[in-house]
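This report refers to the structure that appears directly beneath it.
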Amino acid sequence: MLAFHAENVEMQFHMGSTVVNALRGVSLQVHEGEFVSIVGTSGSGKSTLLNLVGGLMKPTSGKVYVKGHDLTAMNENELALFRRQYVGFVFQSFNLTSTLTAVENVELPLVFSGIRPAERETRVRTLLAGLGLDDRLDHKPSELSGGQQQRVSIARAIITEPEIILADEPTGNLDSRTSREIMEVLYALNRKGQTFLVVTHDMEVAHYGNRIIHMTDGRITKIEEVSS
């Protein structure tokens, strides 16, 4: 079954009198449980495609379907509900709230879901401990290493058990050893059934996927199957 697919998607941005064609007729299908990597130089359109699948923006033309839902037909409230229900985001810059502890950062999505405080804390502490952060639960981001911050970010993305994880350069700010550790975490989650779409410039990271989508100038130029 398809997790999401894009049909002839175009995306244009207006910068003064200049029109930037970020995506040019992109079509892509990703099945449930796949781990798909997107690679390309800066400006190739890979992050724009990720944002469209996550419902963070709408295409200029074309269609984007996620779990059978037409995102292009949704209003902002519907898109917010969709993201909360189906999608988890992992970012290069971690995007953690500096004044909150690891537990409090990961709790945030559960607060919006109406989960009771005691249940929230139990679920969060169990998850963070499983990610190797049992001794960092009450530390704020400034007290954590880059790899630890990214583990907190991953925990926040998966705490609501979304079916799809979208990761934009998840190892971009990490050294090579820590990058491998983070990718092993993501790969293990994928093996449990979650669908992953990962944007990266690092081919070692890209090869964790079962397919690698190569993009240039807003177009998919090559789809590479990765042997297991």
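Index from 1, following the sequence.
- Proximity of a side-chain donor or acceptor of Thr171 to a complementary backbone N or O of Ser179 within less than 3.5 Å is not detected.
- Ion pair Asp217/Arg24 not flagged as a salt bridge, since none of the NZ, NE, NH1 or NH2 atoms sits closer than 4.0 Å to an Asp/Glu carboxylate oxygen.
- Gln194 contributes no side-chain N or O that, together with a main-chain N or O of Ile164, makes up a donor-acceptor pair within less than 3.5 Å.
- Within the model, atoms CE of Met57 and CG of Leu49 stand 10.5 Å from one another, a figure rounded to the nearest 0.5 Å.
- For the atom pair CD1 (Ile213) and NZ (Lys222), the distance works out to 11.5 Å, reported to the nearest 0.5 Å.
- Minimum heavy-atom separation, Val9 to Pro59: CG1-CB, 3.7 Å.
- Glu163 places none of its side-chain heavy atoms less than 4.5 Å from the side chain of Thr195.
- Listed for the Arg156 side chain is no donor-acceptor partner under 3.5 Å among the backbone atoms of Asn105.
- In this structure, the side chain of Glu224 does not engage the main chain of His214 through any donor-acceptor pair within 3.5 Å.
- Exactly one residue among Leu50, Leu56, Ile165 makes a side-chain contact (heavy atoms from CB on, under 4.5 Å) with Phe89. That residue is Leu56.
- In this pair, Phe196 and Phe35 present their aromatic rings parallel. The plane angle is below 30°, not in the 30 to 60° band.
- Here the closest heavy-atom approach between residue Val199 and residue Ser47 is recorded as CG1-OG, 4.0 Å.
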For this session: Go through Arg123 and Ile115 one step at a time and tell me if the side-chain contact (heavy atoms from CB on, under 4.5 Å) criterion holds.
Result: CA-CA 10 Å; Arg123 285 175 58 176; Ile115 306 298; 4.1 Å; yes

Exercise. Could you walk me through whether Glu78 and His69 pass the side-chain contact (heavy atoms from CB on, under 4.5 Å) check?
Worked result: CA-CA 11 Å; Glu78 291 168 335; His69 299 279; over 6 Å; no

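- Phe13 CZ: more than 12 foreign heavy atoms inside a 6.0 Å radius.
- Residue Thr178 holds its OG1 atom at 11.5 Å from CG of Asn173, rounded to the nearest 0.5 Å.
- Although no hydrogens or angles enter the test, the distance criterion places a donor-acceptor pair under 3.5 Å between the side chain of Ser27 and the main chain of Asn8.
- Contact record, Leu137 with Ala129: CD2-N, 4.5 Å, taken as the closest heavy-atom pair.
- Of all non-hydrogen atoms in Leu71 and Leu52, the two that sit nearest each other are CD1-O, 3.6 Å.
- Both Ile223 and Phe4 are part of a single hydrophobic cluster, where members link through side-chain heavy atoms under 4.5 Å apart.
- Once rounded to the nearest 0.5 Å, the distance linking CG of Leu23 with CE of Met215 reads 5.0 Å.
- Taking CD of Gln92 as the reference point, atom NE2 of His201 lies at 7.5 Å (rounded to 0.5 Å).
- A chain of hydrophobic side-chain contacts below 4.5 Å, direct or via other Ile, Leu, Val, Met, Phe, Trp or Tyr residues, connects Ile182 to Val106.
- Judged by distance alone, with hydrogens and angles left aside, the side-chain atoms of Thr60 form a donor-acceptor pair with the main-chain N or O of Gln12 at under 3.5 Å.
- A salt bridge is absent between Glu104 and Lys140: the closest approach of a Lys/Arg side-chain nitrogen to an acidic carboxylate oxygen does not fall below 4.0 angstrom.
- In terms of hydrophobic clustering, with Ile, Leu, Val, Met, Phe, Trp and Tyr side chains grouped at heavy-atom distances under 4.5 Å, Val64 and Leu197 are assigned to a common cluster.
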For this session: Run the numbers on Glu143 and Arg136 for salt bridge (charged side-chain N to carboxylate O under 4.0 Å, His left out), then give the verdict.
Result: CA-CA 9 Å; Glu143 301 169 318; Arg136 291 290 185 270; over 6 Å; no

For this session: List the steps and the verdict of side-chain contact (heavy atoms from CB on, under 4.5 Å) for Thr97 and Leu108.
Result: CA-CA 10 Å; Thr97 301; Leu108 284 176; 4.3 Å; yes

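- A salt bridge links Arg177 with Glu181: the distance from a Lys NZ or Arg NE/NH1/NH2 to an Asp or Glu carboxylate oxygen falls below 4.0 Å.
- Looking only at side-chain heavy atoms (C-beta outward), Leu144 and Arg151 stay at 4.5 Å or farther from each other.
- With hydrogens and angles ignored, the 3.5 Å screen pairs no side-chain donor or acceptor of Lys63 with any backbone N or O of His5.
- By the neighbour-count criterion of 12 heavy atoms within 6.0 Å, atom CG of Asp134 is densely surrounded, having more than that number from other residues, nucleotides or ligands.
- Using modelled atom types, no side-chain atom of Arg120 and backbone atom of Leu110 make a donor-acceptor pair closer than 3.5 Å.
- Across all their heavy atoms, Ala206 and Val39 have their closest contact at CB-CG1, 3.6 Å.
- Here Asp138 pairs with Arg125 in a salt bridge; the nearest charged N to carboxylate O distance falls below 4.0 Å.
- Atom CE of Met203 has more than 12 heavy atoms from other residues, nucleotides or ligands within 6.0 Å.
- Within the 4.5 Å cutoff, the side chain of Pro141 has no heavy atoms near those of the Val152 side chain.
- Interatomic distance, Asn95 CG to Gln150 CD, rounded to the nearest 0.5 Å: 9.5 Å.
- Thr122 and Glu119 form no side-chain donor-acceptor contact under 3.5 Å, judged by distance and modelled atom types alone.
- Using the six-membered ring where Trp is involved, Phe82 and Tyr86 have ring planes that are tilted, between 30° and 60° apart.
- Thr200 and Lys46 make their closest contact through O-CE, 4.1 Å (heavy atoms, listed as atom of the first residue, atom of the second, distance).
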Exercise. Leu189 and Ile154: side-chain contact (heavy atoms from CB on, under 4.5 Å), yes or no, with the steps?
Worked result: CA-CA 10 Å; Leu189 292 169; Ile154 291 168; 4.0 Å; yes

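- Using a 4.5 Å heavy-atom cutoff, the side chains of Pro117 and Glu121 are not in contact.
- Hydrophobic clustering (side-chain heavy atoms under 4.5 Å, transitive across Ile, Leu, Val, Met, Phe, Trp, Tyr) groups Leu133 together with Val90.
- Val198 and Val226 fall into different hydrophobic clusters, where Ile, Leu, Val, Met, Phe, Trp and Tyr residues are linked whenever their side-chain heavy atoms come under 4.5 Å apart, directly or through other members.
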